[in-house]
Amino acid sequence: MPAAVASQWRDRQRRVFQSVFQTDVARSAPQTTQASRFTDPGQTFSTPAASLPGHSLHPQQPYQTHYGRGRTLPRSGQHSSSRRTTPEPSFEATAPPLSTTAANDQATYDRAWHVVTAHIALPSSATADDSFGTLAAESQQQSSRRRGDADASEFHDAFALLINASTLLPRATHTDDILAWHVRQVRAHFAQHVIPLLAGCVHDGDGDDDEAGDPGDDGSGDGRWRVVRKGNHYERHMVTVMSSIRTLEAALRLYFYGLNQLLSGFNRLADSSPELAKDAELLNTRFRRDAHALVSNSASEGLMKSIRAVLIRLAGTILGIPSQDEHRVGGGQAPRPAPPGPDDLRVQAARERLLELVQQLHNVGLAGERFQVLFAEVMDSMMSAFVTGAYGGVWSAPEPGSSATMDTVSRSGSLSATSPCIMSLSDWVENHFARLSFEALACISSDPQRPLPVSLADVKTYQSLALGRLAALRIHELFDIVLAWPASRQALDDLRATITTAARRKQLTDSFSRTLQIRLLHPGRSTLEILQTYISIIRTLHALDPSKVLLSHVEPSLQLYLCHREDAVRVVVSGLLASPEEIRAARKTKEAMKRQREKPLRDGPFATPTMPAASSSTPRDRPRRDSSLEEDENIVPLNDNHSRQSTKLVELALLLNDPSQNRRMAADLDEDLDWNDMNWVPDPVDAGANYKRPKSEDVVGTLISGLGSEEVFIKEFSAVVAERLLSEPSRFDQELRVLDLLKRRFGEAALQNCDVMIKDVQDSRRVDSAIHRARGGQKRRALATPDKTASNQGSEEMEYHARILSRLFWPNLDREHFILPQPVLDQQKRYEQGYQSLKSRRKLTWLNQLGQARVELDLRDRTVTVDCNPVEATVIYAFQGAEDDGDGHAPPAQKSVDELYEQLQMDEDLIAGALRFWVGKGVLRRAAGSKSSYMVAETLHDPAAATTTSLPTASTQEEEEQQQATTETEAPEASAATGAKPAVSAKERERREIYWRYIQGMLTNVSATMPLGQMAMMMKISIADGFPWSNEELQDFLAEKVASGEMEIVGGKYRLVKR
Amino acid sequence: MSFIEDSQNSAPDSVQANKLGGARKGAEPGQNAAKRLQTELMQLMTSPAPGVSAFPSADGNLLSWRATIEGPEDTPYSGLTFKLSFDFPSNYPYAPPTVLFRTPIYHPNVDFSGRICLDILKDKWTAAYNTQTVLLSLQSLLGEPNNASPLNGEAAELWVKDPALFKTKVMDRHKDIEDD
């Protein structure tokens, strides 16, 4: 027992002092009473018996209390001279010489002291909850009453003696303040008996709760998780709290009994001196405050945790935030938080329970600062939990019928400009959150004079706090909002209303850029997906911030990434050129989408993202092609999007035709003159220096400028247009329309090439018909000589049309050499003659690989008609040639790649591609036993045909119609351009060849040996169009050359092998 | 867009026209010497002439090139390889490059420090010439020296009088230089 040790220690000390100063023995009576039973009064409340050794270092003032240092108990001089009884236990020379009267006075005083202290002494032993408490206190009281007035009068006499010791017993030198003594005794009692009991309560409640000991869960930010984890143990925590409260109540009753005794003593004396009555009042409140401070300072962590758990549970119920264990029992989806209705009995019960609890806590002194901090934390986490729970992923107001709890007032408000989420959130804060805060704090604040604990200004603060949380939530969700556009329009309203400061805007862009990096800008996303998301981002952020400043902050990373996607421009261009059919299809799905979106509006669940019908019918809705499953999902996953959509960026074609997108031109012109713009607002604060306010969304413009320079875009555009002009049979309305629209954007000059291309194609149609007319005349004449027609047979029936292109204006025209079938060559020759008669001094250069052919194949059991390119037609024609002689019993024609290569002088890759094409069509099949040989599949369902000869039937093939692109050239040797688009492999091969020459030139002239890095650097600076390879690609390329013996590596450097 | 100064070419797509024109003639005046040299280099690479090659020097400066000429057959220089350096002025092609033989060469029109006496590198230079034409001219100069204005009088004399001795002098003088 530390106290016992302490008292022994102090006894010894005292003996030492006595031997030095020769003080009287008798005066130690009060101190012995005290010292034998209580711990040292100088200790702090919360750490009993811990600072004893330290105390012993200051023997001069061993009994100066903690109070005495100016905190609570008054120094007597301040109030009444009669109470100048504060012990001055100094043993120095101030002590007067002792006399007999002094000894008598002292004895009297000590006796009185003893009477009083015995009367109010606390029970010395209390081992269990029940052993002291109400009964103990009351029985003591009762017994004291039974003992009759004799005791009482004795007590009061003694008390009067003690209080007025300075006058009645002037010679008693060693006196003490009885009240301070009581305080000390209370403190000691509390430390020795009550705190262990409290610890027992907490321990019982906390024992099985593993998570309660988790040191990391003290933060206030994870309120929702607190709900999850503590909810389970709510009952146990409740028991803990209640038993603690009961224990404390009992103890306090005991303490106040003693106080009341003292006070009644005061009251008696008050008759004689009215000052004392005032003092008594003051002392009463002071003691109460001290006791409460004692309790609240000694409340253990475990108890606070329990209180927190209970508070979370009750406040959660009151505020409509479902605790996690409820739904765990029920299974299935966690219910979303919703403001509870006014008639909810559970809520009412919880509210009563909570207020009662707060009142009780207040009564026992646990509602001090720590509790208030705790309460604030709980409320704070409640707000976070409500915002994230109720509005996370929900981008519109709850349906009126779904939860039946929405206040009608706030419902009507949702039709106004403010977003329904904000309305309902404000409503919740005002009617539930603030109300609970008010009620709970009203219980705590005992002082009726103070203003209301929660003022209206506070409510406003709460609301703005809640809006801040909502903003943070929406910022966090922004990427999903973008994906779900335009269904997520409501969420943008939330954001727009909450993103009001530059800091929040910065937060938004930063957070969004981070999300982009994680979720979009990585190799797992196709360029099409990225571009679609980009469009959504443009539209979303424009809707959020028409000044486009936010967009400009987000864009750079996206643009930078798109620069690495080589196909980005192509995707955009082909999207722009989407055919009317594709647009129609997109429109149709959009309609379907809209219908399906309206359905959940009527009967959808609470969590479905819906939007009011008014905004869903606006014309700027983006088309949704994936309409089937979406209405069940809060967030549209990008992957699902991907699996169900077409491969084109049809949105762009739609946007290009959208008149609202094209307002830019007109608006830009009179921007500075538009004095009548009543919607004008100043530029945002975070706008850049060269900021220019855009007037419309202008998705296409933003997208194109995002892809780099206009030049790049136009170049790619002409390439795509060229391809389409050459491949599409006749009509190019779409191209013309897109061209017109683009001209408005980029100007006539920029797109002149495309104009020329289109004109070329139109012209060549005229020329073509002119040549055919001319030849038709010849043919008719030729028909007159029957033998010629007979000799030409089928080939003469072949139609042949050509397109004449202006070489300078067409991108990437390259000649691919191969030998066309003889009939086609004849046609070409005749066509050339016809052309030269039409336009003298001009020469045609044939581009054999461009164009289209319709091939009709008469096979043994079927006839196949295929539209293909000239390469493929040429290859299949070669199989016919092989069979011509074997008219009778020949097996199906069989050719190897090498044979074809010799015969056609065609590039092997093209041959292989064409063979694959025909195998895919079921016309050719691989010959058995040979890797590179192919044979005609004369019959469809006879795989044995490869080995067995079947009935010989001549297969004839005729090419009916062939269109061939030609270039019109002034100089015949004109094919120096680099690579053709259709044959990417050929272009790539050519590029590699050129690079190889660069490398050779480098190693020949500059330095015979070079390291990889230097070579890459040299390539980069010396190639005008740039060197797109990375060092790794170059290394691979060089490794090939090393493998083929053209290069070698010496000491980490490359060099050419000398021949 | 650069087609404004590109007045001689009526093609509207200046990029395309530039490239094609440059590749075809190689003599189109460009304001940027480096650009022009890149174009010339591309031309050298895509349609190389036999026996000559050139490339920008290792320091990454496009205005400084290294070139190689193989001695033509049927000349005393047959089988030898000569390294040259080209230094292009910043207003190239309006001024000729400074061309030096880095490989020691015994030749009537080349002095012992490698300087070359060739009219197209001096007063006869026009912007229509390019690196390749210069290299080809130099290659032909090896076989047909201009003995009327020799830098190396002895060589000019021996070329006419004693081809065998000339050949010996050529072989004596020639030595493969190390790469720098």
Side-chain angles (χ1 to χ4, degrees), chain A residues 709-712 714-715 718-719 746-757 806-813 970-971 973-978 990-991 993-1011 1014-1015 1017-1026 1055, chain B residues 1-4 9-26 30 32 34-48 52-62 64-70 81 83-86 102 131 135 176-180:
Chain A
S709 64
E710 285 183 6
E711 218 170 294
V712 175
I714 290 170
K715 206 170 156 188
S718 19
F746 298 124
E748 290 272 347
L751 290 161
Q752 201 176 346
N753 260 21
C754 297
D755 272 348
V756 172
M757 291 196 289
S806 313
R807 184 180 58 82
L808 279 180
F809 297 91
W810 287 73
N812 300 314
L813 291 182
E970 289 88 25
E973 74 287 2
S975 58
T978 55
E990 187 173 338
R991 190 158 79 167
E993 183 54 37
I994 293 204
Y995 289 167
W996 174 232
R997 288 195 201 138
Y998 268 88
I999 291 167
Q1000 283 175 311
M1002 199 186 300
L1003 293 176
T1004 310
N1005 296 297
V1006 179
S1007 175
T1009 63
M1010 278 181 129
Q1014 193 185 9
M1015 291 172 81
M1017 185 272 287
M1018 294 288 286
M1019 295 295 275
K1020 282 199 172 75
I1021 59 156
S1022 57
I1023 297 178
D1025 292 342
R1055 84 173 182 208
Chain B
M1 293 292 275
S2 60
F3 68 88
I4 296 149
N9 203 328
S10 60
D13 185 353
S14 65
V15 176
Q16 199 70 22
N18 256 339
K19 214 167 83 182
L20 290 173
R24 195 167 67 247
K25 297 196 292 287
N32 190 336
K35 266 261 176 321
R36 151 89 181 218
L37 287 168
Q38 278 185 333
T39 315
E40 282 192 17
L41 183 63
M42 178 58 92
Q43 185 202 357
L44 267 172
M45 293 303 147
T46 49
S47 50
V52 299
S53 71
F55 208 81
S57 62
D59 58 359
N61 179 9
L62 272 177
S64 165
W65 285 29
R66 297 281 184 265
T68 311
I69 296 179
E70 284 167 21
T81 305
K83 301 262 182 193
L84 298 97
S85 70
F86 278 65
R102 294 173 62 241
T131 312
L135 282 171
D176 278 325
I177 57 159
E178 292 299 310
D179 291 309
D180 51 358

Which heavy atom in B/Met45 sits nearest to a heavy atom in B/Phe55, and how many Å separate them?
CE-CD1, 3.6 Å

Only pairs of heavy atoms separated by less than 4.5 Å count here; which of A/Glu993, A/Arg997, A/Met1010 has the most with chain B?
A/Arg997

Below 4.5 Å from any heavy atom of chain A, which atoms of B/Leu41 appear? Answer side chain, backbone, both or neither.
both

Atom pair OG (A/Ser1022) and CH2 (B/Trp65), whose distance is rounded to the nearest 0.5 Å
8.5 Å

Write down the atom of B/Ala67, the atom of A/Asn1005, and the distance for their closest heavy-atom approach.
C-OD1, 3.1 Å

A/Ile1023 and B/Met42, any side-chain heavy atoms less than 4.5 Å apart
yes

Give, as side chain, backbone, both or neither, the part of A/Met1017 having an atom under 4.5 angstrom from any heavy atom of chain B.
side chain

